[in-house]
*Asks:* 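Shown below is the structure under consideration.
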Amino acid sequence: MPLAYLSHSAWDLYRRDPLAFYQQYFVGRLDRPTLKMKLGKIFQEAWSDKNYDYAGELKKEGFTGDFERVIRTALQHPQTVMLPKSKCEKKHTVSGQGLLHPILAIYDGEEKDFLVENKFGYPWTRKMAEESTQLTWYSLVRYLETGKIPRILLQSFNSKNGIPTQFWVERSRLQIDSLIREINRTVENIQAGKFYTDY
(Lines give C-alpha, C1' and ligand atoms only; values in the text may rest on other atoms or scores of the structure.)
Protein backbone atom coordinates (compact mmCIF):
# COMPACT_ATOMS: atom_id res chain seq x y z
CA MET A 1 0.00 0.00 0.00
CA PRO A 2 1.33 3.46 -0.88
CA LEU A 3 -0.33 5.02 2.19
CA ALA A 4 -0.01 4.27 5.89
CA TYR A 5 -3.77 4.62 6.08
CA LEU A 6 -6.64 4.86 3.62
CA SER A 7 -8.88 7.94 3.66
CA HIS A 8 -12.37 8.08 2.23
CA SER A 9 -11.22 10.41 -0.55
CA ALA A 10 -8.43 8.02 -1.58
CA TRP A 11 -10.75 5.01 -1.42
CA ASP A 12 -13.41 6.81 -3.42
CA LEU A 13 -10.87 7.91 -6.03
CA TYR A 14 -9.82 4.29 -6.55
CA ARG A 15 -13.45 3.25 -6.96
CA ARG A 16 -14.10 5.97 -9.54
CA ASP A 17 -10.78 5.87 -11.39
CA PRO A 18 -8.13 3.29 -10.41
CA LEU A 19 -5.59 4.76 -12.83
CA ALA A 20 -6.01 8.24 -11.33
CA PHE A 21 -5.41 6.68 -7.90
CA TYR A 22 -2.19 5.11 -9.20
CA GLN A 23 -1.01 8.39 -10.71
CA GLN A 24 -1.70 10.33 -7.53
CA TYR A 25 -0.44 7.93 -4.87
CA PHE A 26 2.25 5.96 -6.67
CA VAL A 27 3.55 8.48 -9.24
CA GLY A 28 2.87 11.59 -7.16
CA ARG A 29 0.93 13.57 -9.78
CA LEU A 30 -1.43 15.98 -8.03
CA ASP A 31 -4.23 17.84 -9.77
CA ARG A 32 -4.70 21.49 -8.89
CA PRO A 33 -7.58 22.19 -6.48
CA THR A 34 -10.78 23.28 -8.21
CA LEU A 35 -12.54 26.54 -7.30
CA LYS A 36 -15.24 24.46 -5.62
CA MET A 37 -12.63 22.71 -3.45
CA LYS A 38 -10.99 26.02 -2.52
CA LEU A 39 -14.32 27.55 -1.58
CA GLY A 40 -15.27 24.55 0.55
CA LYS A 41 -11.94 24.69 2.36
CA ILE A 42 -12.30 28.42 3.06
CA PHE A 43 -15.80 27.88 4.43
CA GLN A 44 -14.70 25.05 6.70
CA GLU A 45 -11.82 27.13 8.06
CA ALA A 46 -14.24 29.97 8.75
CA TRP A 47 -16.71 27.62 10.44
CA SER A 48 -14.09 26.08 12.71
CA ASP A 49 -12.09 29.24 13.53
CA LYS A 50 -13.93 32.49 14.27
CA ASN A 51 -10.66 34.43 13.92
CA TYR A 52 -9.98 33.18 10.39
CA ASP A 53 -9.88 35.97 7.80
CA TYR A 54 -12.13 34.31 5.24
CA ALA A 55 -12.83 37.63 3.50
CA GLY A 56 -9.13 38.13 2.85
CA GLU A 57 -8.67 34.54 1.70
CA LEU A 58 -11.64 34.79 -0.68
CA LYS A 59 -10.20 37.96 -2.19
CA LYS A 60 -6.77 36.35 -2.56
CA GLU A 61 -8.29 33.41 -4.42
CA GLY A 62 -10.22 35.70 -6.76
CA PHE A 63 -13.76 35.14 -5.45
CA THR A 64 -16.27 37.99 -5.64
CA GLY A 65 -17.66 39.80 -2.61
CA ASP A 66 -20.90 37.83 -3.00
CA PHE A 67 -19.21 34.79 -1.48
CA GLU A 68 -18.15 36.78 1.57
CA ARG A 69 -21.79 37.70 2.10
CA VAL A 70 -22.93 34.10 1.62
CA ILE A 71 -20.40 32.71 4.09
CA ARG A 72 -21.25 35.39 6.64
CA THR A 73 -24.94 34.51 6.28
CA ALA A 74 -24.18 30.81 6.77
CA LEU A 75 -22.06 31.37 9.87
CA GLN A 76 -24.56 33.75 11.46
CA HIS A 77 -27.70 31.81 10.59
CA PRO A 78 -29.61 30.89 13.79
CA GLN A 79 -30.02 27.30 12.62
CA THR A 80 -26.29 26.73 12.06
CA VAL A 81 -24.61 24.52 14.65
CA MET A 82 -21.13 25.81 15.51
CA LEU A 83 -18.41 24.07 17.52
CA PRO A 84 -15.25 25.48 19.12
CA LYS A 85 -11.99 25.12 17.23
CA SER A 86 -10.77 22.53 19.75
CA LYS A 87 -13.46 20.14 18.50
CA CYS A 88 -12.83 20.56 14.78
CA GLU A 89 -10.61 18.98 12.14
CA LYS A 90 -8.89 16.28 14.22
CA LYS A 91 -7.37 13.21 12.59
CA HIS A 92 -8.58 9.75 13.65
CA THR A 93 -6.77 6.66 12.39
CA VAL A 94 -8.18 3.24 13.31
CA SER A 95 -7.85 -0.45 12.51
CA GLY A 96 -9.51 -3.66 13.65
CA GLN A 97 -12.89 -5.29 12.98
CA GLY A 98 -11.31 -7.27 10.15
CA LEU A 99 -9.94 -4.28 8.21
CA LEU A 100 -6.94 -5.23 6.09
CA HIS A 101 -5.43 -1.74 6.33
CA PRO A 102 -5.85 1.21 8.74
CA ILE A 103 -8.31 3.92 7.74
CA LEU A 104 -8.45 7.65 8.47
CA ALA A 105 -11.22 10.17 9.09
CA ILE A 106 -11.06 13.91 9.73
CA TYR A 107 -14.39 15.01 11.14
CA ASP A 108 -15.43 18.61 10.47
CA GLY A 109 -16.60 18.71 14.07
CA GLU A 110 -17.11 16.27 16.91
CA GLU A 111 -18.95 16.17 20.19
CA LYS A 112 -19.19 13.25 22.59
CA ASP A 113 -22.57 12.14 21.24
CA PHE A 114 -22.47 13.22 17.59
CA LEU A 115 -20.34 14.27 14.63
CA VAL A 116 -20.80 17.25 12.32
CA GLU A 117 -20.17 17.18 8.58
CA ASN A 118 -20.45 20.44 6.61
CA LYS A 119 -21.09 20.74 2.88
CA PHE A 120 -20.87 24.08 1.09
CA GLY A 121 -22.21 24.22 -2.44
CA TYR A 122 -25.22 22.63 -4.09
CA PRO A 123 -27.86 21.80 -1.42
CA TRP A 124 -27.91 18.18 -0.30
CA THR A 125 -31.08 16.13 -0.03
CA ARG A 126 -32.07 13.51 2.53
CA LYS A 127 -31.47 10.85 -0.13
CA MET A 128 -27.92 12.10 -0.72
CA ALA A 129 -27.23 12.02 3.01
CA GLU A 130 -28.59 8.50 3.38
CA GLU A 131 -26.51 7.22 0.45
CA SER A 132 -23.25 9.02 1.30
CA THR A 133 -20.37 6.57 1.73
CA GLN A 134 -18.40 9.35 3.41
CA LEU A 135 -20.88 9.46 6.29
CA THR A 136 -20.80 5.67 6.53
CA TRP A 137 -16.99 5.86 6.61
CA TYR A 138 -17.07 8.34 9.50
CA SER A 139 -19.57 6.13 11.31
CA LEU A 140 -17.21 3.18 10.91
CA VAL A 141 -14.22 5.11 12.27
CA ARG A 142 -16.19 6.36 15.26
CA TYR A 143 -17.58 2.88 15.88
CA LEU A 144 -14.06 1.40 15.94
CA GLU A 145 -12.98 4.14 18.36
CA THR A 146 -15.87 3.97 20.80
CA GLY A 147 -17.86 0.82 20.11
CA LYS A 148 -20.90 2.98 19.39
CA ILE A 149 -22.42 4.06 16.09
CA PRO A 150 -22.66 7.87 16.13
CA ARG A 151 -25.36 10.23 15.05
CA ILE A 152 -24.10 12.60 12.36
CA LEU A 153 -25.43 16.09 11.73
CA LEU A 154 -25.05 16.95 8.06
CA GLN A 155 -25.16 20.70 7.48
CA SER A 156 -25.58 21.55 3.81
CA PHE A 157 -25.01 25.25 3.10
CA ASN A 158 -26.35 26.66 -0.16
CA SER A 159 -23.43 28.51 -1.79
CA LYS A 160 -25.88 30.93 -3.45
CA ASN A 161 -27.46 32.28 -0.28
CA GLY A 162 -25.81 30.64 2.75
CA ILE A 163 -29.03 29.05 4.02
CA PRO A 164 -28.41 25.69 5.76
CA THR A 165 -30.35 22.48 5.36
CA GLN A 166 -29.73 19.94 8.12
CA PHE A 167 -30.16 16.18 8.36
CA TRP A 168 -29.52 13.82 11.25
CA VAL A 169 -28.10 10.56 9.93
CA GLU A 170 -27.34 7.27 11.67
CA ARG A 171 -25.95 4.19 9.99
CA SER A 172 -26.75 0.56 10.82
CA ARG A 173 -24.27 -2.13 11.78
CA LEU A 174 -25.17 -3.86 8.51
CA GLN A 175 -24.07 -0.79 6.53
CA ILE A 176 -20.83 -0.57 8.50
CA ASP A 177 -20.01 -4.25 7.94
CA SER A 178 -20.75 -3.85 4.24
CA LEU A 179 -18.34 -0.92 4.02
CA ILE A 180 -15.60 -2.95 5.72
CA ARG A 181 -15.96 -5.58 2.99
CA GLU A 182 -15.79 -2.89 0.31
CA ILE A 183 -12.67 -1.36 1.86
CA ASN A 184 -10.97 -4.75 2.06
CA ARG A 185 -11.82 -5.46 -1.57
CA THR A 186 -10.20 -2.17 -2.55
CA VAL A 187 -7.09 -2.89 -0.47
CA GLU A 188 -6.74 -6.31 -2.10
CA ASN A 189 -7.09 -4.79 -5.58
CA ILE A 190 -4.47 -2.12 -4.85
CA GLN A 191 -2.06 -4.70 -3.48
CA ALA A 192 -2.66 -6.84 -6.59
CA GLY A 193 -1.81 -3.89 -8.85
CA LYS A 194 -5.26 -3.54 -10.42
CA PHE A 195 -5.31 -0.01 -11.74
CA TYR A 196 -7.37 -0.38 -14.89
CA THR A 197 -11.15 -0.35 -15.16
CA ASP A 198 -11.35 -3.39 -17.47
CA TYR A 199 -10.60 -5.94 -14.72
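Here, residue 1 is the first one in the sequence, and each next residue gets the next number.
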*Asks:* If you look at every heavy atom in Leu104 and Tyr5, which pair is closest and at what distance?
*Replies:*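 Nearest heavy atoms, Leu104 then Tyr5: CD2-CE1, 3.2 Å.
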*Asks:* Nearest 0.5 angstrom please: Lys59 NZ to Thr64 OG1, how far?
*Replies:*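 It comes to 12.5 Å.
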*Asks:* Before giving the answer on salt bridge (Lys or Arg N to Asp or Glu O under 4.0 Å), spell out for Glu57 and Lys60 the whole-Å C-alpha distance, their side-chain angles and the decisive distance to 0.1 Å.
*Replies:* CA-CA 5 Å; Glu57 193 64 25; Lys60 187 176 81 172; 3.5 Å; yes
*Asks:* Hey, could you give me the OG1/CE distance between Thr165 and Met128, rounded to the nearest 0.5 Å?
*Replies:*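 Rounded to the nearest 0.5 Å, the OG1-CE separation comes to 11.0 Å.
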*Asks:* Quick check for you: to the nearest 0.5 Å, what is the distance between Ile149 atom CD1 and Ser172 atom OG?
*Replies:*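 Spacing of CD1 (Ile149) from OG (Ser172) equals 6.5 Å.
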*Asks:* Count I, L, V, M, F, W, Y as connected when their side-chain heavy atoms are under 4.5 Å apart, and connections chain through other members. Are Val27 and Phe21 then in the same cluster?
*Replies:*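 Yes, Val27 and Phe21 fall within the same hydrophobic cluster.
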*Asks:* Taking atom types as modelled and ignoring hydrogens, do the side chains of Lys119 and Gln134 form a donor-acceptor contact shorter than 3.5 angstrom?
*Replies:*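 Yes, side-chain donor-acceptor contact under 3.5 Å.
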*Asks:* Is a side-chain N or O of Asn158 found less than 3.5 angstrom from the main chain of Ile163, in a donor-acceptor match?
*Replies:*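 No, because the side chain of Asn158 does not come within donor-acceptor range (under 3.5 Å) of the backbone of Ile163.
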*Asks:* Does Arg171 form a side-chain contact (heavy atoms from CB on, under 4.5 Å) with Glu130? I'd like the steps, not just the answer.
*Replies:* CA-CA 8 Å; Arg171 297 299 192 242; Glu130 293 296 344; 3.7 Å; yes
*Asks:* Please determine whether ring pair (Phe, Tyr, Trp, His ring centres under 6.0 Å) holds for the pair Trp47 and Tyr52, giving the CA-CA distance in whole Å, both sets of side-chain angles, and the decisive distance to 0.1 Å.
*Replies:* CA-CA 9 Å; Trp47 181 82; Tyr52 177 67; over 10 Å; no
*Asks:* When rounded to the nearest 0.5 angstrom, what is the spacing between CG in Leu3 and CD in Gln24?
*Replies:*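 Result: 9.0 Å between the selected atoms.
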*Asks:* Is Met37 reachable from Phe67 through a run of hydrophobic residues whose side-chain heavy atoms are each under 4.5 Å from the next?
*Replies:*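 Shared cluster, no.
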*Asks:* Please give me the minimum heavy-atom distance between Ala129 and Leu154, naming the atom from each residue.
*Replies:*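 Ala129 and Leu154 have their closest heavy atoms at CB-CD2, 3.6 Å.
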*Asks:* For the aromatic rings, using the six-membered ring if either is Trp, is the centroid distance between Tyr22 and Tyr14 under 6.0 Å?
*Replies:*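 No, ring centres 6.0 Å or more apart.
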*Asks:* Do Gln166 and Gln79 have a side chain donor and acceptor closer than 3.5 Å?
*Replies:*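 The criterion, which ignores hydrogens and geometry beyond distance, is satisfied for Gln79 and Gln166.
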*Asks:* Please test Val116 against Tyr107 for side-chain contact (heavy atoms from CB on, under 4.5 Å), starting from the C-alpha separation and ending with a verdict.
*Replies:* CA-CA 7 Å; Val116 177; Tyr107 313 131; over 6 Å; no
*Asks:* What distance separates Leu115 CG from Ser139 OG, expressed to the nearest 0.5 Å?
*Replies:*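 Going from CG on Leu115 over to OG on Ser139, the span is 7.0 Å.
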*Asks:* Is the side chain of Arg29 donor-acceptor paired with the backbone N or O of Ala20 at a distance under 3.5 Å, no angle test?
*Replies:*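 No; judged by distance alone, with no hydrogens or angles, the pair does not exist.
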*Asks:* Should the pair Trp11 and Trp137 be assigned to parallel (<30°), tilted (30 to 60°) or perpendicular (>60°) ring geometry?
*Replies:*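 The arrangement is tilted - the two ring planes meet at 30° to 60°.
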*Asks:* Would you say the side chain of Glu89 lies within less than 4.5 Å of the side chain of Asp108, judging by non-hydrogen atoms?
*Replies:*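 Counting from C-beta outward, Asp108 and Glu89 do come under 4.5 Å.
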*Asks:* Ile103 versus Ile183: any side-chain heavy-atom pair under 4.5 Å?
*Replies:*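 When only atoms from C-beta onward are counted, Ile183 and Ile103 do touch, with a gap below 4.5 Å.
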*Asks:* If the threshold is 4.0 Å, N to carboxylate O, is there a salt bridge linking Glu188 and Arg185?
*Replies:*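 No, this pair does not count.
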*Asks:* side-chain contact (heavy atoms from CB on, under 4.5 Å) between Val70 and Lys160: does it pass, once the steps are laid out?
*Replies:* CA-CA 7 Å; Val70 168; Lys160 292 183 178 180; 6.0 Å; no
*Asks:* Any sub-3.5 Å donor-acceptor pair from Ser178's side-chain atoms to Leu174's backbone N or O?
*Replies:*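 Between the backbone of Leu174 and the side chain of Ser178 there is no qualifying donor-acceptor contact (under 3.5 Å).
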*Asks:* Check whether any side-chain heavy atom of Ile106 lies under 4.5 Å from a side-chain heavy atom of His92, and answer yes or no.
*Replies:*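 In short, these two side chains do not touch, never coming nearer than 4.5 Å.
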*Asks:* Any carboxylate oxygen within less than 4.0 angstrom of a Lys/Arg side-chain nitrogen, looking at Lys87 and Glu111?
*Replies:*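 Salt bridge present between Lys87 and Glu111.
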*Asks:* Work out which heavy atom in Trp124 is nearest to a heavy atom in Phe167; give both atom names and the distance.
*Replies:*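 The pair with the smallest heavy-atom distance is O-CE1, 3.6 Å.
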*Asks:* What closest approach, in Å, do Asn161 and Thr73 show between heavy atoms, and which atom pair accounts for it?
*Replies:*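 Where Asn161 meets Thr73 most closely, the heavy atoms are O-CG2, 3.4 Å.
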*Asks:* What's the shortest heavy-atom distance between Ala74 and Thr80, and which atoms?
*Replies:*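 For Ala74 versus Thr80, the nearest heavy atoms are O-OG1, 2.7 Å.
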*Asks:* Apply side chain to side chain donor-acceptor pair (under 3.5 Å) to residues Arg173 and Tyr143 and explain how you reach the verdict.
*Replies:* CA-CA 9 Å; Arg173 180 61 190 275; Tyr143 174 72; 2.7 Å; yes
*Asks:* Are Gln191 and His101 linked by a side-chain donor-acceptor pair shorter than 3.5 Å?
*Replies:*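 No donor-acceptor contact under 3.5 Å links the two side chains.
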*Asks:* Take atom CZ of Phe26 as the centre, draw a 6.0 Å sphere, and report whether it contains more than 12 heavy atoms from other residues, nucleotides or ligands.
*Replies:*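 It does: Phe26 CZ has more than 12 such atoms within range.
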*Asks:* Does any part of the side chain of Ile71, heavy atoms only, come nearer than 4.5 Å to the side chain of Leu58, both counted from C-beta?
*Replies:*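 They are in contact (side-chain heavy atoms under 4.5 Å apart), so the answer is yes.
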*Asks:* What's the verdict on side-chain contact (heavy atoms from CB on, under 4.5 Å) for Leu144 and Leu99, showing C-alpha distance, side-chain angles and the deciding distance?
*Replies:* CA-CA 10 Å; Leu144 291 178; Leu99 282 170; 3.6 Å; yes
*Asks:* Are Ile176 and Leu6 linked, directly or through intermediate hydrophobic residues, by side-chain heavy-atom contacts shorter than 4.5 Å (ILVMFWY only)?
*Replies:*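 Hydrophobic grouping puts Leu6 with Ile176.
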*Asks:* To the nearest 0.5 angstrom, please state how far the OG1 atom of Thr146 sits from the NZ atom of Lys112.
*Replies:*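 The NZ atom of Lys112 is 11.0 Å from OG1 of Thr146, to the nearest 0.5 Å.
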*Asks:* Identify the two heavy atoms, one from Tyr196 and one from Pro18, that lie closest to each other, and give their separation to 0.1 Å.
*Replies:*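 So the two residues come closest at N-CB, 4.1 Å.
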*Asks:* Taking the side chain as C-beta and beyond, is there a heavy-atom pair between Arg15 and Thr133 under 4.5 Å?
*Replies:*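 With C-beta onward as the side chain, the pair touches.
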*Asks:* Can you check salt bridge (Lys or Arg N to Asp or Glu O under 4.0 Å) on Glu110 and Arg142, steps first, answer last?
*Replies:* CA-CA 10 Å; Glu110 57 183 298; Arg142 187 72 156 195; 3.2 Å; yes
*Asks:* Parallel, tilted or perpendicular: which one describes the rings of Phe157 and Phe43, with boundaries at 30° and 60°?
*Replies:*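 Correct class here is tilted.
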*Asks:* Out of curiosity, does Leu35 fall in the hydrophobic cluster containing Tyr122 (side-chain heavy atoms, cut-off under 4.5 Å, transitive links)?
*Replies:*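 No: no chain of side-chain contacts under 4.5 Å links Tyr122 to Leu35.
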*Asks:* Flag the pair Thr186 / Glu182 as yes when at least one side-chain heavy-atom distance between them is below 4.5 Å, and no otherwise.
*Replies:*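 They are not in contact (no side-chain heavy atoms under 4.5 Å apart), so the answer is no.
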*Asks:* Going by heavy atoms in the side chains, are Tyr138 and Ile152 under 4.5 Å from each other?
*Replies:*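 Yes - at least one pair of side-chain heavy atoms lies under 4.5 Å apart.
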*Asks:* Are Phe114 and Leu140 grouped together when hydrophobic residues (ILVMFWY) are joined by side-chain heavy atoms under 4.5 angstrom apart?
*Replies:*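 No, separate clusters.
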*Asks:* Identify whether the distance between the nearest side-chain nitrogen and carboxylate oxygen of Glu61 and Lys38 falls below 4.0 Å.
*Replies:*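 Yes.
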*Asks:* Any side-chain heavy-atom pair from Ser7 and Lys91 closer than 4.5 angstrom?
*Replies:*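 Side chain of Ser7 against side chain of Lys91, heavy atoms only: no contact under 4.5 Å found.
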*Asks:* Would Lys41 and Glu45 count as a salt bridge (Lys or Arg N to Asp or Glu O under 4.0 Å) here? Give the steps.
*Replies:* CA-CA 6 Å; Lys41 183 176 181 181; Glu45 288 286 343; 5.8 Å; no
